[in-house]
Amino acid sequence: MNKLYLLICLVFCSLPASSAEVIWDGKSSFIDIGKKVMLLEDKEGKLTIEQVSGASMASQFKPSDKTILNFGFTESFYWLKFSLVNKTNEMLWLELAQAHLPVTDLYFKKPDGQWQLYHSGYTAGLDEKVIRHHFQLFPLPAGNHEFYVRFRSYTNPVPIRIWKEKVYEIKANRQKMIYGLYEGVLLFVIINNILLFLSFRRRSYLHYALIVAIYAATTACVMDGYLPYFFSRPDMMFWYMLIPAVNIPVLWLYCTRFLEVKKYIPWFYRFSLWAFGYFVVSVVISQFMPMMQVLIFNQINAVASFALIVTLGIMVGKKGNVLGYYLALTYFIFCAIVIVEAVYIQTGFPPYFFEISHVSVAILIEIFILSYLLSKRFEWEKKDLEKDRIEAQQQLLEKTLENEKIVREQNASLEQKVAERTAELNNSLNNLKAVQNQLIQAEKMASLGELTAGIAHEIQNPLNFVNNFSEVSTELLEEFMETREERGEEDALLNDLGENLRKITHHGKRADAIVKGMLEHSRASTGHKEPTDINALANEYLRLSYHGLRAKDKSFNAEFNFSGDPAVGKIHVVAQDIGRVLLNLINNAFYAVNERKKEEPDFKPTVSVSTRRRAEFVEIRVKDNGKGIPENIRQKIFQPFFSTKPTGQGTGLGLSLSYEILVKGHNGRLEVESKIGKGSEFIVTIPV
């Protein structure tokens, strides 16, 4: 009795773990078997068919309570089993309607007791599958059999059905045709927007074409899984994670530009740029994250982006851009259809429309609405521009009439005021010209005065010689008269007298040349260029400048040296103008070292002038070891009336006039290099 009771208990306890039975009577085209299968989770994926089909594992199978299998975010393998009782002789197919299953294996026992295995999943090529299809399809043999299916589902729902073979072939062909039409519509939208971009050069069309292209890829790789028809053994989960992640920043940027957020909500525009940056960084970071984390991360970002787009649309709509409300409505509808997809995953209802997923339908609706809004946006912009143009014309007409009235009323008084102002301006202009002429003349006179002092010092030497030799010659003549009887001394005295007269002549000519040079410097420039020995000119003005400053200040003393390149030779310049430039630069150099000498008694002032022949120009450098020119002053020294000298010691026109003489008169350059505490160097460049 006890044994019988134990046997009954064992039978009843084993009933829930027994294989679920599916009966096919041929009355329907297909049957959903989601709630008629038993499930076993294999977390490590190491169980074999021998293990799961053994009696010890039977109790670990649990009955399914869902029409569409959905295991959430997991990396586990699952085994499902069911018993099929086929009461007809029809050829049946088992469908796992999911393209994103990497591994799917069907096991059943053949008549000889051996296990028959069919491989499927996207890791297998279409030609390697027993039935060539992007979903996982297996032929089911006639008769009664127990079937085991081993597969891996990361996140996607898995509808599982048994179909009549011929019915499924018709359904599959219809599905492919509808999908082809679907992708054709998307391709038409892409090409159309590219052509519009090429015609109107509006980047909105090109951006929208990119969005539609991403949606086409989403349908092929994410929603309906048709990618295996185009590429052999694609990593469906890689594209499943990447494409939606890329779509988020592209769509967000399009919406912010489409709604002109920068114009309507400037403060939110800055936030939108930060959000765009976050979404872009998320795409990069997701490539280095575990798969399960990426799937969750992408869903969070998708929900956040749609919520932001709806919020953004409402905010822009409140600011007067009605397109914001339309865009918010578009993505509200999209989210509603996504909810319908979620209900379908849990219940199997409502069924797909024309074999296309609900989300794919939502994408199609979104594309049509966005295309309509894009066309309406430019239509409304055109109307607004036309309205603004008419209003502007009307305002311009009214303003013109008003201005004409005002002009007529004020013409008389304006003419009188214009005459008075013209007279005042003429007087001011004449005064300004007079002041400018005075300043320029003062600068020239200052330069001439310095040059004159130097020339006077130079003239003094030959004149001293003339005077001395004249006196000696007079004495020699007197001595000659006294000693004329002595023939021996007469010849010597005559020789000395002749030598003195030659020296008098030499120094007289020297004085004459110096006076002529002074006259040439004081004379206004003719602008006529003639061959000029640059080395002689620079050397002469170096000495004249030094002696001029010595004549003004006997305590002034400095070392100066000249280094001339023999290759310089003669070049065509206006000698008087270049002389003024050199005199001004050398005077400034002596002034700079003298000022430093006053502050530093042990300082050794030095000014050097050098020339050098380059390929196409001659270079003259005037260098001093003064205190240097600060950076903030260095940029102003060539400006008229800017001077670093104390009031009364400079007009600020010297460097300005020098700059104009070189740049405008000789097509040359005047540059300065300076270091604080080291000195300055002015570089004159004159084309040959």
Quick one about Tyr208 and Ser371 (side-chain donor to acceptor, distance below 3.5 Å, no hydrogens or angles considered), yes or no? yes
I want to check something: taking the side chain as every heavy atom from C-beta on, are Glu21 and Phe82 in contact at a cut-off of under 4.5 Å? no
Can you name the residues that form a ring pair (Phe, Tyr, Trp, His ring centres under 6.0 Å) with Tyr215, not counting sequence neighbours? none
Qualifying residue, where the test is salt bridge (charged side-chain N to carboxylate O under 4.0 Å, His left out) with Asp105 and the options are Arg152, Lys129, Arg150: Arg150
May I ask you to decide if the ring planes of His133 and Phe135 are parallel, tilted or perpendicular, using 30° and 60° as cut-offs? tilted
Would the distance check show the side chain of Ser64 and the main-chain N or O of Gly34 forming a donor-acceptor pair, the cut-off being under 3.5 Å? yes
Under 6.0 Å between the ring centres of Phe77 and Phe151? no
List the steps and the verdict of side-chain contact (heavy atoms from CB on, under 4.5 Å) for Thr330 and Leu373. CA-CA 10 Å; Thr330 300; Leu373 293 180; 4.2 Å; yes
State yes or no: are the ring centers of Tyr278 and Trp252 separated by less than 6.0 Å? no
Walk me through it: do Phe108 and Tyr148 pass the test side-chain contact (heavy atoms from CB on, under 4.5 Å)? CA-CA 6 Å; Phe108 63 91; Tyr148 289 84; over 6 Å; no
Can you say whether the rings of Trp115 and Tyr107 are parallel (under 30°), tilted (30 to 60°) or perpendicular (over 60°)? perpendicular
Restricting to non-hydrogen atoms, name the atom on Lys164 and the atom on Gly26 that form the minimum distance, rounded to 0.1 Å. NZ-O, 3.2 Å
Looking at Asp42 and Leu47, would you say the former's side chain and the latter's main chain have a donor-acceptor pair under 3.5 Å? yes
Between CZ on residue Arg161 and CD1 on residue Ile31, distance to nearest 0.5 Å: 11.5 Å
Using the side-chain contact (heavy atoms from CB on, under 4.5 Å) rule, take Gln287 and Phe238 through it: C-alpha gap first, then chi angles, then the decisive distance, then the call. CA-CA 9 Å; Gln287 303 306 306; Phe238 170 78; 3.6 Å; yes
To the nearest 0.5 Å, tell me how far Ile68 CD1 sits from Asp32 CG. 7.0 Å
Residues Lys176, Glu183: salt bridge by 4.0 Å N-O rule: no
Please name all residues satisfying side chain to side chain donor-acceptor pair (under 3.5 Å) with Arg132, sequence neighbours left out, ordered by chain then number. Asp127
Count the heavy atoms of every other residue, nucleotide or ligand shown that sit under 6.0 Å from OH of Tyr372, and state whether that count exceeds 12. no
Return yes if some donor-acceptor pair links the side-chain N/O of His207 with the main-chain N/O of Phe258 below 3.5 Å, else return no. no
Side chains of Met289 and Phe297 in contact at under 4.5 Å (non-hydrogen atoms): yes
Closer than 3.5 angstrom, by distance alone: can the side chain of Glu398 be matched with the main-chain N or O of Gln395 as a donor-acceptor pair? no
In sequence, state the C-alpha distance, the side-chain angles, and the governing distance for Lys171 and Glu95, and then conclude on salt bridge (charged side-chain N to carboxylate O under 4.0 Å, His left out). CA-CA 12 Å; Lys171 173 248 186 187; Glu95 177 198 38; 3.1 Å; yes
How long is the span from the CD1 atom in Ile190 to the CG atom in Asn193, to the nearest 0.5 Å? 9.0 Å
Cationic tip of Arg203 above Tyr205 ring, under 6.0 Å, 45° of axis: no
Over 60° means perpendicular and under 30° means parallel, so classify the ring planes of Tyr179 and Tyr182, tilted if in between. parallel
Is the closest side-chain heavy-atom distance between Phe279 and Leu253 below 4.5 Å? no
Neighbour count >12 (heavy atoms, 6.0 Å) for atom CG, Asp25: yes
How close do Cys335 and Phe306 get, counting heavy atoms only, and between which atoms? SG-CB, 3.9 Å
Would you call Ile309 and Leu327 a side-chain contact if the rule is heavy atoms closer than 4.5 Å? yes
Considering non-hydrogen atoms only, spot the tightest contact between Ser153 and Phe71 and give its length. CB-CD1, 4.2 Å
Hey, what's the ring geometry for His100 with Tyr240, parallel, tilted or perpendicular (30° and 60° as the breaks)? perpendicular
To the nearest 0.5 Å, how far apart are CG in Leu137 and OG1 in Thr104? 10.5 Å
Would a line drawn from the ring center of Phe73 to the ring center of Tyr154 be shorter than 6.0 Å? no
Could you tell me the separation between the NZ atom of Lys110 and the CG atom of Leu117, rounded to the nearest 0.5 Å? 10.0 Å
In terms of heavy-atom contacts, Leu259 and Asn321 come closest through O-ND2, 3.2 Å
Less than 4.5 Å apart, side chain to side chain, heavy atoms only: is that true for Tyr254 and Leu374? yes
Roughly how far apart are Cys221 SG and Phe231 CZ, rounded to 0.5 Å? 8.0 Å
Tell me which one of Leu80, Leu84, Ile162 satisfies side-chain contact (heavy atoms from CB on, under 4.5 Å) with Ile33. Ile162
Check: Lys62 and Leu40 side chains under 4.5 Å, non-hydrogen atoms: no
Shortest non-hydrogen contact from Ala142 toward Asn86: CA-ND2, 4.1 Å
Pick from Trp24, Phe30, Trp93: which one makes a ring-ring contact (aromatic ring centres under 6.0 Å, His included) with Trp163? Phe30
Taking Glu169's backbone N and O only, do any of them form a donor-acceptor pair with Asn173's side chain (distance below 3.5 Å, no angle check)? yes
Within the 3.5 Å criterion, strictly below it, is a donor on Ser76 or Glu41 matched to an acceptor on the partner's side chain? yes
Do Leu186 and Ile367 come within less than 4.5 Å of each other through their side chains, counting heavy atoms only? yes
So which heavy atom on Pro234 is nearest to which on Tyr122, and how close? O-CD1, 3.2 Å
Within the structure provided, determine whether Glu75 and Met292 are in side-chain contact (heavy-atom separation under 4.5 Å). yes
Determine whether Ile214 and Ile243 satisfy the following criterion, side-chain contact (heavy atoms from CB on, under 4.5 Å), listing intermediate values before the conclusion. CA-CA 7 Å; Ile214 293 176; Ile243 292 177; 4.1 Å; yes
